[in-house]
Amino acid sequence: MDVMQNSNNRLIAFFTQKRKSFIKWKRMPIHRKYSALLNPSSQGLFWFLTFFLAAYASIFSIEIKDVSWPVSWESAKIMSINWHTVVFLTCATIAAFIVSITVLVKTKREDFLFAVVQTSPPAGFWKRHREATLRANEYGSNAELWVIQNEPAKYQQAIRVILDDLLNLMMEWDESNLARKVDYRANIMKVIHFSEQPDFKLNPALDAELVERFLYNPVTEHYSGVIMLEDNIYSTTTKSKEPDSDPDIKPIVFPFTDINAEGPNSFRTNLRGAPYAVVSGSHCYVEDVEEIITHFMRNAEPRSERIVSNLEQYYLKKDYPAHSILSIPLFGINLQGEKVVRHVLNLYRNQPGMLYRGEKAKEFFYVTTALTSQLELILAAIDDKNLGELTDQSIEAITKNAQVHDAAVNPKTIQRKEGMGHIKS
């Protein structure tokens with residue numbers, strides 16, 4: 001009995017593995033799915049059989065051409081089959097099919113290679129990336145010290161310089177993906193979790209019509225938290241020569257509901273962009289902001305015509321600065337020592353299809369981890385200071401780390417040149 005059971009288990013495991021392999025094969029692009037056709041051995045075998053078919057046609061040419069068509073159905077039933085003609089036509093059809101598939105695979109592979117070359121970072125990208133990474137490390141180390149010394153102008157500027165470098169990297173990568181002169185922008189939104197702040201209230205000093213247009217009240221009953229942008233301190237734009245605050249930023253609040261949230265009053269109206277980045281814990285790319293409205297109309301529970309109307313008024317304005325968005329979660333640690341999303345970094349431009357319609361969004365997300373991790377460190381220090389959680393030991397450690405870092409880094413390499421500004425689009 002045990003032997004039979006083991007045999008059945010192995011058989012089930014075998015077919016399960018084969019099914020997974022087949023599904024994986026089906027999902028492959030054509031140039032990889034049928035790449036075996038381009039192997040030298042496959043091509044050699046194919047041309048050998050083609051030569052054999054040509055020889056067959058030469059030897060039996062008379063028999064192959066000896067075809068008479070029946071004049072009626074009755075005559076067709078008693079007519080003998082010319083197997084030479086059947087074999088030749090069948091083999092010729094198979095050969096033509098293989099040739100067409102081979103040409104298709106070659107074309108798809110060439111298109112893929114062209115797309116890879118076209119969408120890869122240009123030559124100057126990695127040099128700029130290295131400089132930006134060194135600069136972020138410097139500012140990240142010093143900013144923690146500036147937070148302790150209560151110098152907000154310095155650490156706020158440090159954050160904007162890192163945002164500026166992120167925009168410059170994105171512009172450099174996107175240089176072949178611009179239909180016209182494009183403005184890039186960046187901002188950082190704060191994430192509030194109601195599990196940590198159950199008595200949270202929206203800032204009464206802000207315009208209620210602006211901050212409540214995408215949510216239902218009371219917010220603490222219907223959502224897991226909110227994502228807020230109350231001012232333009234942590235923002236910048238390529239329209240300015242230096243990494244100054246974006247003057248066009250207006251307050252906005254997005255609600256979000258965790259995937260595992262339960263309760264009859266929980267509303268699932270997560271928008272694409274920042275809310276999705278918070279809930280998923282990973283980056284969220286929006287090729288065109290119309291996707292945000294369409295996604296809400298299809299998936300929101302409950303769906304509100306008021307919110308749909310507000311979304312259309314907000315996102316479909318001609319002068320709206322965000323037509324394509326990449327939202328990246330920035331993590332911190334809660335009181336239980338768990339990793340949670342504390343902020344969301346938004347990078348966007350006033351033209352759809354940023355980062356080649358999202359094909360390079362994932363790569364950009366990983367490539368810029370060195371910069372976003374420094375943003376996480378600086379923002380964590382600011383949050384700890386605001387909460388009064390910086391101890392004497394942590395202050396001493398940060399000060400010592402800053403001194404060691406300053407001694408180890410070459411200032412000439414990482415110093416931001418005066419008036420450096422943004423690269424040109």
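Here the structure is a predicted model, which is why all the values come from computation and not from measurement.
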Item to check | side-chain contact (heavy atoms from CB on, under 4.5 Å) evaluation trace for E338 with I333 | outcome: CA-CA 5 Å; E338 300 170 336; I333 304 297; over 6 Å; no
Minimum heavy-atom distance [X]-[Y], with the two atoms named:
| X | Y | value |
| --- | --- | --- |
| S240 | D244 | OG-N, 4.0 Å |
| L316 | E290 | CD2-CG, 3.7 Å |
| N217 | L215 | OD1-CD1, 4.1 Å |
| V278 | V191 | CG2-CG2, 3.9 Å |
| P302 | T269 | O-CG2, 3.6 Å |
| F364 | L355 | CB-CD1, 3.9 Å |

Can you tell me how far [atom2] of [Y] sits from [atom1] of [X], rounded to the nearest 0.5 angstrom?
| X | Y | atom1 | atom2 | answer |
| --- | --- | --- | --- | --- |
| N299 | N270 | CG | CG | 10.0 Å |
| D183 | M171 | CG | CE | 8.5 Å |
| Q197 | T220 | CD | OG1 | 11.5 Å |
| T236 | Y184 | OG1 | OH | 15.0 Å |
| L347 | H283 | CG | NE2 | 12.0 Å |
| I249 | E230 | CD1 | CD | 13.0 Å |

Do [X] and [Y] touch side chain to side chain, with heavy atoms closer than 4.5 Å?
| X | Y | result |
| --- | --- | --- |
| L271 | F254 | yes |
| Y216 | I307 | yes |
| I159 | I233 | no |
| T50 | I98 | no |
| L326 | M170 | yes |
| I188 | V344 | no |
| I378 | I382 | yes |
| Y155 | L145 | no |

Next on the checklist: Apply side-chain contact (heavy atoms from CB on, under 4.5 Å) to residues V253 and I227 and explain how you reach the verdict.
Outcome noted: CA-CA 6 Å; V253 175; I227 311 161; over 6 Å; no
Between [X] and [Y] (side chain of the first, backbone of the second, donor and acceptor by atom type, cut-off under 3.5 Å), is there such a pair?
| X | Y | answer |
| --- | --- | --- |
| D164 | R160 | no |
| T107 | V103 | yes |
| Y285 | M354 | yes |
| N350 | V182 | no |
| S141 | N137 | no |
| S235 | N232 | yes |
| S373 | T369 | yes |
| T133 | A370 | no |
| D258 | N260 | no |
| S324 | V286 | yes |

Is the shortest distance from a Lys or Arg side-chain nitrogen in [X] or [Y] to a carboxylate oxygen in the other one below 4.0 Å?
| X | Y | result |
| --- | --- | --- |
| R349 | D174 | yes |
| D383 | R342 | no |
| R128 | E172 | yes |

Next on the checklist: Quick check on ring-ring contact (aromatic ring centres under 6.0 Å, His included): which of F365, F125, Y356 does W173 satisfy it with?
Outcome noted: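 With W173 as partner, F365, F125, Y356 yield a single ring-ring contact (aromatic ring centres under 6.0 Å, His included), made by F125.
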Checklist entry - Y315 pairs by ring-ring contact (aromatic ring centres under 6.0 Å, His included) with which of Y320, F296, Y348? => result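 Exactly one pass, corresponding to Y320.
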Checklist entry - Quick check, are the ring centers of F214 and Y314 under 6.0 angstrom apart? => result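 Ring-ring flag for F214/Y314: true, centres closer than 6.0 Å.
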Item to check | Test of ring centre spacing under 6.0 Å for Y223 and F194 | outcome: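 No, the ring centres sit 6.0 Å or more apart.
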Next on the checklist: Using salt bridge (Lys or Arg N to Asp or Glu O under 4.0 Å), reason through K239 and D246 one step at a time and then give a plain yes or no.
Outcome noted: CA-CA 9 Å; K239 294 182 70 174; D246 186 353; over 6 Å; no
Check the surroundings of atom [atom1] in [X]: do more than 12 heavy atoms from other residues, nucleotides or ligands lie under 6.0 Å from it?
| X | atom1 | answer |
| --- | --- | --- |
| K317 | NZ | yes |
| F52 | CZ | no |
| R19 | CZ | no |

Item to check | Residues N346, S327; criterion side chain to side chain donor-acceptor pair (under 3.5 Å); working and verdict | outcome: CA-CA 5 Å; N346 296 304; S327 297; 2.7 Å; yes
Item to check | side-chain contact (heavy atoms from CB on, under 4.5 Å) between T372 and L345, intermediate numbers included | outcome: CA-CA 8 Å; T372 56; L345 165 65; 3.9 Å; yes
Item to check | Qualifying ring pair (Phe, Tyr, Trp, His ring centres under 6.0 Å) pairs with a residue from residues 328-347, counting only residues at least two apart or across chains | outcome: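 Output for this query is empty, none listed.
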Next on the checklist: I'd like to know whether E287 forms a salt bridge (Lys or Arg N to Asp or Glu O under 4.0 Å) with R357, so could you lay out the CA-CA distance, the side-chain angles of the two residues, the decisive distance to 0.1 Å, and finally the verdict.
Outcome noted: CA-CA 6 Å; E287 180 183 344; R357 302 180 66 180; 3.0 Å; yes
Checklist entry - After noting the C-alpha distance and the side-chain angles of S309 and E305, does the key distance pass the side-chain contact (heavy atoms from CB on, under 4.5 Å) rule? => result CA-CA 6 Å; S309 176; E305 294 301 326; over 6 Å; no
Item to check | salt bridge (Lys or Arg N to Asp or Glu O under 4.0 Å) between R268 and E301, worked out | outcome: CA-CA 5 Å; R268 302 190 179 278; E301 296 179 5; 5.6 Å; no
For residues 40-49, which side-chain donor-acceptor pairs fall under 3.5 Å, sequence neighbours excluded?
from	atom 1	to	atom 2	distance (Å)
S42	OG	A36	O	2.7
Q43	NE2	L37	O	2.7

